[in-house]
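Okay, so here's the structure we're looking at.
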Amino acid sequence: MIVKVVIDIPAKQVNRSFDYAVPKDWESAIKLGSRVQVPFGNMKRTGFVVDITDETEFNGKLKPIHSIMDYDVFLNEELIELSDYLAEYLQCFRISVLQAMLPSLLKAKYDAIVQIHDPVQFSEKVGSWYQNETSIDRKVLEERISPNAISQLKKENIISIEYQVINQTTQKTKTMIKTNLNKDQLMNALEKTSQRSFKQRAILEYFINNQAIESIEKSTLMTELEVSNATINSAIDKEWITTFKEMIYRDPLKDVSFQTNSSKTLLAEQQNAYDLISQSVDNKQADTYLIEGVTGSGKTEIYLQLMDRALQQGKSALLLVPEISLTPQMVERVVSRFQTGIAVLHSGLSITEKYDEWQRIIKGEAKIVVGARSSIFAPLENIGIIIIDEEHETTYKQSDNPRYHARDVARWRSEYHDAPLILGSATPSLESRARAQVGNYHLIHLENRVNQMPMPPVDIIDMTQVELRETANELSPELIEKIQDRLDKKEQVVLLQNRRGYASYLLCRECGFIMQCPRCDISLTYHKFDNQMKCHYCDYHEPLPTQCPSCQSPHIRTHGIGTQKVAETLEEIFPEAKVTRMDNDTTRRKGQHQKLLDEFSSGQSNILLGTQMIAKGLDFENVTLVGVINADTALNLPDFRASERTFQLLTQVSGRTGRGRLAGEVVIQTYNPEHYVIQFAKTHDYENFFRFEMKRRHLTNYPPYYFTTLLTVSSKHQGRASQLAYDLKAQLYNPELERKEQLYIIGPNRNNISKINNYYYFNLLLKYKDKTTIQRQLDDILNNTQQKATQGVYVNINHEPQYFS
DNA sequence: AGCACGCCGACT
DNA sequence: GTCGGCGTGCTC
C-alpha cells in the first residue's frame with residue numbers, strides 16, 4: 001500500500017503530494033483523508049493522505065509513514081477533490097485549503113485519550129498488561145498493539161478516542177469568585193469593616209446572604225453589587241474571597257426550546273417557489289435558484305420545508321447563514337422543526353465543541369448543518385440541498401488565505417452531489433442577480449410579506465437644508481420629533497450610524513458636494529498626513545481645497561461622526577430615554593452582543609443605536625421607527641461596491657420595522673437626497689436599482705461585467721514593494737488584450753492605509769473578461785515571487801476581493 | 001520550512 | 001591556501 005501525502009508546508013516547492021509506504025499493520029487504519037506524520041527530509045511533518053494506491057512514479061526507496069494521527073477521518077473523498085480544485089482556482093497552496101476545511105481542534109495541541117467502554121473485551125484482546133483503567137493514553141496503547149488492531153477495537157466500539165486540548169489558554173474561560181469563609185467568619189469580617197466601606201461590606205453581605213451559592217462569575221458580581229475591580233481585588237487581599245477560572249461551555253442548543261414547530265402553510269408565492277425547487281431536489285439537478293424576496297416574505301419557511309423534503313429522501317441538507325444572524329432565535333427555528341440530527345457550527349463554540357459537532361456529521365448523526373461561512377466544508381455525505389441565506393453578505397468571502405467565497409464552494413458541491421443550490425436575499429449581490437438575468441440561475445421573486453403588511457414608508461431628510469437652519473446637530477428636527485413620538489407611545493426606535501464613519505471624506509455643508517476622482521467615479525479620501533485629497537484606485541491627488549469647488553462656499557470640511565457622539569446627543573435631547581449603543585467598541589467582549597440585544601428586546605431600553613450590525617436579521621415587534629442618521633458615509637467610500645452596499649444596508653435596516661402588528665416608518669437623513677441609491681431605497685425598488693447600477697458597472701468596467709483580481713505586494717522596504725508592483729504590472733501588461741478590452745491593469749496604487757505593522761502595501765487591480773488569459777501568468781507570478789519572499793517581499797493574490805483597502 | 005550544496009570574499 | 005557568506009534546490 002502506498003499513499004500520496006500533502007505536507008503541511010505552505011510553499012510552492014512542496015505544493016504537491018509525496019508518496020509513502022504504509023506498513024502492513026497500518027493498512028486498515030489508514031484511510032483517504034487520514035492525518036499522518038511522515039519523515040520529510042530530515043524533519044517529521046504532518047500531512048494528509050490524498051490518495052491510496054499501489055503504484056509510485058518515484059525512483060527511489062519510499063519512506064514509511066511515521067505515525068497515524070487520528071483514527072477518524074475528517075475529510076472525505078469529495079472534500080479532497082474539492083481542495084484540489086480550490087487550490088488551483090484560488091491560486092493558493094493545497095495544504096492551506098485542507099487546513100481550512102478542518103475543525104480547528106486539530107491545529108491546537110492536544111492529548112489523545114483512549115476511553116475503554118468494554119473493559120472485559122478489551123482485556124481479552126490486548127492481554128495481561130491492562131490494569132482495568134477506564135481510560136489510557138493513546139501512546140501507551142500504540143506501543144502495545146498495531147494501528148490496525150486499534151482501528152478494529154474502535155470499529156467494534158470497545159474503545160473510543162477523545163481529544164483533550166493541552167493549551168487551555170485558547171479555551172474561553174470566565175473568572176469565578178467563591179469564599180472559603182463560613183458564615184461566622186464572614187460576619188466577623190463584616191463587623192471589623194468600617195461602616196464607610198460600603199462596597200467592601202456589600203461583598204461580604206452578598207456572601208452572607210447567599211450561602212447556598214457556591215460561586216459567582218466575577219463580572220456578574222461586579223454589575224450586581226456595582227463594585228469595581230479594585231474592590232474585588234482588595235477583598236481577595238483580605239482573603240475573604242478567592243478567584244478561579246472556569247471553562248465557558250456553550251451548548252449551542254442549550255437555551256433553545258425543543259417545542260415542535262410544524263410546517264406552516266405557504267402562501268401562493270412561497271408554494272410556487274417550493275414546488276419549483278423541490279423538483280430539482282427530487283430529480284437531483286444541480287440548479288441554482290436565486291430567491292429575491294423582501295424582508296418578511298417567508299424565505300426561511302421555504303428553506304425549512306425544502307430541507308425537510310431532502311431529509312425525507314434520505315439526503316442531508318446544508319444551510320449557511322451569516323455569522324451575525326446565527327442567533328438563538330434563528331437556531332431555534334431550525335431545531336424546533338427537526339428536533340434532532342442538527343449540527344450547529346458558529347464562532348461561539350469552543351474548539352472541542354466544534355470538533356464534537358464535526359464528529360456527529362462524520363458519523364452521520366447530524367444530517368442537517370447550520371452554520372457560517374466555513375460550514376460550507378462540513379463533511380456531509382449525500383447532500384440533497386444547499387442553501388445560502390443573505391447571499392449578498394460579504395462575510396461569505398474569507399478575507400485571508402485561502403480566500404474562498406462560500407458561494408463558489410457551494411456551487412462546486414452542488415454539482416458534485418447533483419443537488420440544487422438556493423441563494424436567498426432581499427437585495428442580491430449584483431453578480432448573482434446578473435447571473436439570474438442571463439439565465440444561469442433561476443430567478444424567483446417573492447413580492448409579498450407573510451404578515452401582509454406593506455413595506456414601511458421612507459422619509460428622506462435633506463440634511464443640507466437642515467444644516468442651514470440648525471448647526472452642529474446630527475439629528476434633524478423631523479427625526480427628533482418622530483423619536484419623541486415613539487417614546488411617548490412606549491414604542492421602540494432603531495437608529496443606524498454606519499460603521500465606517502471614521503472614513504474622512506470632504507463634504508460641502510452648503511451644497512452637499514463631495515469631491516470625486518475625475519478618472520474613477522469614486523470619491524476622494526482626505527489624507528491628513530500630507531493634506532491631500534487622494535483617489536485609492538488611481539494615483540490622482542490634489543491639495544485640500546479651502547472652498548467648495550462647486551459652489552465656492554467656505555463651509556467645506558472633512559466629515560465623519562461616530563456612534564459615541566450621537567449617543568451623547570440623544571441623551572441630551574431625550575433625558576428620559578435609555579439608549580443601547582451597539583458598535584465594535586461595545587460588543588468587543590464575547591456575549592456582549594447578545595446581552596445588548598436582550599436589553600433592547602426586553603424593553604429595558606427605548607433606542608437601539610448602532611452600526612450596521614444592527615441592520616441584520618434582528619426581529620423586534622415593538623420597533624416602529626428606523627432612523628438612518630447619515631446615509632452618506634457608506635456611500636462615499638472609495639469602493640466601486642459602495643452604492644450596492646449602501647442600498648443593501650438601507651433596505652435591510654428598513655426591514656427592521658413593521659415586523660409586528662404595528663406599522664413602521666423609516667427616516668433616512670442624507671446630504672445627497674437625489675442620489676439614485678437613496679431614491680431607490682426610498683421605494684424599496686431593488687429591481688430598478690439593479691438596472692441602474694448595472695449600467696454604471698458597465699460603463700466603468702467593473703463586476704459583473706469584468707472579473708477582478710487584486711494583487712497585493714507588501715514589504716518592510718517601501719522601495720522593494722513598489723518596485724515589484726511595477727515589475728508585475730510590466731509582466732502582466734498586454735497591449736493586445738487591452739486593445740480588445742479583455743484585460744485592464746490598474747495601479748500600482750499605494751494601499752489606503754499605506755503602512756500596517758511596518759509593512760508597506762501596493763495594489764494592482766486586474767479587470768478581465770476571461771480568467772484563462774491571465775491564469776498562467778498568475779501561476780508564474782506565484783512561483784517566481786516565492787523566491788522573492790525570502791527577500792522580504794510578499795505577493796498576495798485575491799480573486800474577486802470584497803474590499804479594496 | 002529546514003537543510004545541504006556550492007560558489008565568491010576576507011582571514012589565521 | 002581555508003572559513004563562511006547566503007543564493008539555489010530538494011525533500012517521497
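Small disclaimer: the values here were computed from a predicted structure and weren't measured. Numbers restart at 1 for each chain; the letters A, B, ... are given by sequence-line order, proteins then strands.
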**Report entry** Atom-to-atom span, CZ of A:F18 to C1' of C:dT11 - whole angstrom
**Finding:** 6 Å
Query raised in the report: According to the 5.5 Å centroid and 30° plane-angle thresholds, does A:F58 stack upon the nucleobase of C:dC12?
Result: yes
Requested in this report: Output the single nucleotide from B:dG2, C:dC12, B:dC3 whose closest atom is nearest the side chain of A:N42.
Outcome: B:dC3
Query - Separation of C:dC10 C1' from A:R16 CZ (nearest whole Å) - result: 9 Å
**Report entry** Atom-pair distance (CD1 on A:I9; P on C:dC12), nearest Å
**Finding:** 10 Å
Query raised in the report: Rounded to the nearest Å, what distance is computed from the CE atom of residue A:M1 to the C1' atom of nucleotide C:dC12?
Result: 16 Å
**Report entry** Non-neighbouring partners of A:E431 that pass salt bridge (Lys or Arg N to Asp or Glu O under 4.0 Å), sequence neighbours left out
**Finding:** A:R641
Requested in this report: Any side chain to side chain donor-acceptor pair (under 3.5 Å) involving residues 17-26 of chain A? Give me the pairs, sequence neighbours left out, ordered by first then second residue.
Outcome: A:K4-A:D19, A:D19-A:T56
Query raised in the report: Over how many whole Å does the gap from A:M43 atom CE to B:dG2 atom P extend?
Result: 7 Å
Requested in this report: Pick base, sugar-phosphate or nothing for A:V14, based on heavy-atom distances below 4.0 Å to the nucleic acid.
Outcome: base
Query - Pair A:Y404 and A:Y89, ring centroids less than 6.0 Å apart - result: no
Query raised in the report: Are A:V38 and A:K63 close enough, and set up right, to give a side chain to side chain contact (heavy atoms under 4.5 Å, CB included), and what steps lead you there?
Result: CA-CA 8 Å; A:V38 290; A:K63 291 184 183 176; over 6 Å; no
**Report entry** Rounded interatomic separation in angstrom, taking CD from A:E57 and C1' from C:dT11
**Finding:** 17 Å
Requested in this report: Starting at atom CZ of A:R45, determine the distance to atom C1' of C:dC12, rounded to an integer number of angstrom.
Outcome: 15 Å
Report task. Whole angstrom is fine here: how far is it from NZ in A:K63 over to P in C:dC10? Result -> 16 Å
Query raised in the report: Of the nucleotides B:dG2, C:dC10, C:dC12, which has the atom closest to the A:F40 side chain?
Result: C:dC12
